[in-house]
Amino acid sequence: MTTDVVPEAMHHDSADDADRIAQLEDLRRLSPRQRAVLVLRYFDDLTEADTAAAVGISVGTVKSHALDALACLRNQPSGEEQSAAAT
C-alpha cells in the first residue's frame, strides 16, 4: 500500500529511554534464572507452566523465582536512584 502522506517521525522521550535503561539495569542485578522467569512471565506473558517448560524447571520453582526476584527489585534502589546517588 502506498500513500501520498509521509507520517511524522516518532518522537522518543528521553525520560522513557531513561526509565527503560533503569529497568534493564535492575533486571541485570537478578540471577539469570530469576531474570528469565520475569521476562517470560511478565514481558512475554507466558503462563507459569509455559515458563517452567521454557526454562526447564518446575512450576513451583517458577513461582519462587518470580516471588524472590520481585522482592529483590522492590527492596533495591533502582538504576536511576543509584545513578543519582553516584553523582
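By convention here, the first residue in the shown sequence is residue 1. Keep in mind that this is a model prediction, so the values were computed, not measured. No hydrogens, no waters, no symmetry mates; every other heavy atom, side chains included, goes into these values.
Between Asp26 and Arg29, at least one side-chain nitrogen of the basic residue sits less than 4.0 Å from a carboxylate oxygen of the acidic one, meeting the salt-bridge criterion.
We find the OG1-CG distance between Thr51 and Asp44 to be 8.5 Å, quoted to the nearest 0.5 Å. Taken from CZ in Arg35 to CG in Leu73, the straight-line distance is 11.0 Å, to the nearest 0.5 Å. In this structure, the separation between CD on Gln23 and CZ on Phe43 is 6.0 Å, given to the nearest 0.5 Å. Atom NZ in Lys63 sits 9.5 Å away from atom CZ in Arg41 (nearest 0.5 Å). Expressed to the nearest 0.5 Å, how far NE2 of His65 lies from SG of Cys72 amounts to 13.0 Å.
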- Going through the distances and angles, do Val62 and Val55 end up as a side chain to side chain contact (heavy atoms under 4.5 Å, CB included)? CA-CA 9 Å; Val62 167; Val55 180; 5.9 Å; no
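Judged by distance alone, the side chains of Ser58 and Thr61 do bring a donor and an acceptor atom under 3.5 Å apart.
Considering only heavy atoms from C-beta on, Ile57 comes within 4.5 Å of Val37 through its side chain. A heavy-atom distance below 4.5 Å is found between the side chains of Leu38 and Leu30.
Under the 4.5 Å side-chain heavy-atom criterion for Ile, Leu, Val, Met, Phe, Trp and Tyr, Tyr42 and Val39 are members of the same hydrophobic cluster.
Using a distance-only test at 3.5 Å, with no hydrogens or angles considered, a donor-acceptor pair links the side chain of Asn75 to the main chain of Ala71.
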